[in-house]
Amino acid sequence: MNLLLYGAPGSGKGTQANMLRSKFGIPHIATGDMLRAEIAAGTELGRQAQPILAAGKYVSDEIMIGMIRNRLGEPDCEPGFIIDGFPRTVPQANALDTLMVELRKRFDRVIYLRVPVEELLQRLSGRLVCPQCQRTYPPNTSVCVADGSALAQREDDKPEAVRPRIEIYLEKTVPVLDHYRASGLVSEIDGRGTIDEISRQVLAAVAAPANGSTAQKAANKQQA
Ligand code: AP5
Ligand code: MG
């Protein structure tokens, strides 16, 4: 089972990926979480990435493609994976297509969580995150249910970074959706509603047969 979660900042990708990871027992590969782990560890990459994330901008395609290439090659990805936060640009999407062919894998579903900008702004300003395991929580939560850590605000959820994140998503990441629409693999879900309601829709979309185009089916057959 190889899944791609697509959506704007705050649309619920991480929230639904956690549910899918528990349900299917496959890794959740979140490029934002990977970058924050590099920052927390004080690596060279982390030092380069920190001001970029804080400003709500994108890390270079070259770095991100290298990161996802390394990660998807790890043995725990063999049974499947859930990607969240990649690809964010058309060059990243093209590189991922090539990588999937090399790995002889294909996506079973691309889940698009659609949420209006006003609600994104509201969610991001109130979001809390566990600094240890990166689980996300709505406002008025105090400790992580998984490890008891005190929750904190993400640096890029501060007001000065939230608007630039939405703007760069609209400019660079919206075209990525068109890239996948042609494959017939996209399930578009209205991301408003309770987390449980959205989870039910996500699971139904994952279970439904893909509406692949003839070209995609031919490409999938070639890769199989
Ligand atoms: P990343 O960490 O991926 O951030 P993002 O895409 O901006 O998405 P978020 O994590 O903010 O939101 P989410 O969709 O996961 O929502 P969540 O489930 O938390 O990336 C961070 C940065 O890293 C980027 O800005 C960039 O700098 C860099 N980066 C990462 N990947 C990159 C790439 N490929 N290329 C270049 N740069 C890259 O939910 C949000 C809140 O809403 C939570 O509080 C949650 O509890 C709540 N919520 C969830 N669902 C619901 C619901 N149904 N109703 C009400 N509230 C809900
Ligand atoms: Mg996230």
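Both ligands and their constituent atoms are indexed starting at 1 by order of listing. This one's a predicted model, so the numbers in the text were calculated from it and none came from an experiment.
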ask   = With hydrogens left out, which residues have an atom under 4.0 Å from ligand 1, given that only heavy atoms count?
value = A8, P9, G10, S11, G12, K13, G14, T15, T31, G32, L35, R36, L53, K57, Y58, V59, M64, G85, F86, R88, Q92, R123, L124, R127, T136, Y137, P138, R154, D156, R165, G191, G193, T194, I195, I198
task = Using a strict cut-off of less than 4.0 Å between a Lys/Arg side-chain nitrogen and an Asp/Glu carboxylate oxygen, indicate whether E197 and R192 qualify as a salt bridge.
result = no
inquiry  = Under a 3.5 Å cutoff, is there a donor and acceptor pairing between the side chains of T194 and D196?
reply    = no
task = Using ring-ring contact (aromatic ring centres under 6.0 Å, His included) as the criterion, list what pairs up with Y58, not counting sequence neighbours.
result = none
Which atom of Q153 lies closest to which atom of S125, heavy atoms considered = NE2-O, 3.7 Å
ask   = What heavy-atom pair brings S149 and D147 nearest, and what distance separates the two atoms?
value = OG-OD1, 2.8 Å
query = Any side-chain donor paired with an acceptor under 3.5 Å for D33 and H28?
reply = no
